[in-house]
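We count ligands from 1, going down the list as the structure has it; atoms in each ligand are counted the same way.
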Amino acid sequence: MFESDATAIAQRSSTGVLPHRDRVGDLVDEAHARYADCDEGAVADYIPVLAEADASRFGLSLIGADGGSHDAGDVDVAFSIQSISKAFVFALVCEELGHDAVHDVVGVNNTGLPFNSVMAIELNGGSPMNSMVNAGAIATTALVPAANADERWARIRDGLSRFAGRPLMLDGEVYRSESFTNHRNQALGRLLQSYDRLAIGPDEAVDLYTRQCSLAVTARDLAVMGATLACGGLNPFTGERVVSAETSRDTLALLAACGMYERSGEWLFEIGLPAKSGVSGGIVAVAPGKGAVGTFSPPLDPAGNSVRGQRACAYLSRALGLNLFASSPDPARPDAHEGVSR
Ligand code: GLU
């Protein structure tokens with residue numbers, strides 16, 4: 001653990017503002033038009049019901065920190081949130097238990113291996129490694145404080161609903177389809193139990209995790225959920241404080257490191273934003289202090305990231321100047337072009 005003690009030092013959020021609303025709206029439309037005809041990628045089929053997804057669907061929503069919303073395409077089509085739930089359950093647990101507890105119990109380093117890897121656990125002495133892979137997400141869900149399974153589920157569902165600013169509902173068909181076929185996640189649960197890494201029984205932990213993955217959302221919901229993190233935990237639509245600014249910061253750091261499966265490094269290199277994707281085709285990408293993009297398009301690359309969603313986010317990151325690592329000298333400063341004198 002770094003001893004800078006992040007929580008003790010007051011930190012301001014970063015970063016400038018979005019261009020004028022009209023310009024943002026035009027660029028969202030342009031991003032959608034550019035990639036709507038892209039036919040690369042394949043719809044996930046390891047959860048049977050996901051194989052039935054309509055590959056042509058493509059929704060793109062951007063919500064600014066000021067609450068301004070810009071939509072293009074299928075932004076109201078419902079799909080199961082899948083892995084994107086991991087980001088928000090992590091935030092809820094981090095809020096309840098604190099920065100250090102989640103860091104110590106689950107971890108925050110990328111595995112470099114697929115999201116459902118058994119080997120990652122074995123190679124790391126039983127550690128689930130981070131809350132964005134299945135093992136770490138199951139361990140994180142198990143940490144949600146509650147007296148019983150019903151209460152734990154209610155806290156997860158209500159917590160994610162507060163991020164979205166509306167009540168989120170379980171997609172029963174997805175839940176049943178995944179529950180009948182999630183043998184690998186059940187194996188991960190048992191393996192974690194064998195390493196004494198689960199705060200509750202593996203059956204309950206995996207069932208809750210499967211439920212959270214089955215919550216139905218839209219691309220616009222994802223944009224609102226991401227915008228809440230972009231606004232330091234304050235939902236820009238409802239005005240509700242969902243989590244603290246510190247929890248938002250910690251969640252975004254984890255997304256930057258681990259949010260895009262084993263392609264997280266490439267994503268950060270190309271796009272420069274914390275983000276999370278899911279196998280049903282959603283992506284949420286967050287520009288701290290500025291806003292968030294939510295996308296939905298089912299065809300995925302081999303790592304499990306939506307192809308159209310990635311392209312649209314890359315386009316918007318560049319066109320809107322969202323990349324966290326991009327900077328240029330302030331032209332108003334007299335020494336801006338002279339470099340540092342020695
Ligand atoms: N519920 C899915 C699983 O556990 C989520 C995977 C994902 O979206 O990455 O396999």
### Query
Looking at G278 and I84, what are the two nearest heavy atoms and their distance?
N-CG1, 3.7 Å

### Enumerated ligand 1 atoms positioned under 4.0 Å from heavy atoms of G278
8 (O)

#### Entry: Quiz item: cation-pi between K276 and Y261, 6.0 Å / 45°
yes

### Query
Could R318 and E270 be called an ion pair, given the rule that one side-chain N must be under 4.0 Å from one carboxylate O?
yes

### Message
Which residue and atom name correspond to the protein heavy atom nearest atom 2 (C) of ligand 1, and how close is it?
### Response
Q82 OE1, 3.1 Å

### Sub-4.0 Å heavy-atom contact, N134 with ligand 1
yes

### Message
Could you tell me, atom by atom, which parts of ligand 1 come under 4.0 Å of a heavy atom of C213?
### Response
1 (N)

### Query
So, D207 and T210: side-chain donor and acceptor under 3.5 Å apart, yes or no?
no

### Query
Tell me, which protein residue and heavy-atom name are nearest atom 3 (C) of ligand 1, and how many Å apart are they?
Y46 OH, 3.3 Å

#### Entry: Structural part of V279 in contact with ligand 1, heavy atom criterion under 4.0 angstrom
both

### Query
Any idea which heavy atoms bring S131 and F90 closest together, and the distance?
OG-CD1, 3.4 Å

#### Entry: Nearest non-hydrogen protein atom, atom 9 (O) of ligand 1
Y261 OH, 2.4 Å

### Message
Within the 4.0 Å heavy-atom shell around Y209, which atoms of ligand 1 are there?
### Response
1 (N), 2 (C), 3 (C), 4 (O), 5 (C)

### Task
Indicate, as side chain, backbone, both or neither, the part of E178 found under 4.0 angstrom from ligand 1 when only non-hydrogen atoms are considered.
side chain

### Query
At a non-hydrogen distance cut-off of under 4.0 Å, which region of T210 contacts ligand 1 (side chain, backbone, both, or neither)?
neither

### Task
Indicate whether any N or O donor in one side chain lies under 3.5 Å from an N or O acceptor in the other, for S317 and N323.
no

### Message
Please list the nearest protein heavy atom to atom 7 (C) of ligand 1 with its residue and the distance rounded to 0.1 Å.
### Response
S83 OG, 2.8 Å

### Message
Hydrogens and angles aside, do S297 and R308 bring a side-chain donor and acceptor to less than 3.5 Å of each other?
### Response
yes

### Distance-only side-chain donor-acceptor flag, Y209 / N134, under 3.5 Å
yes

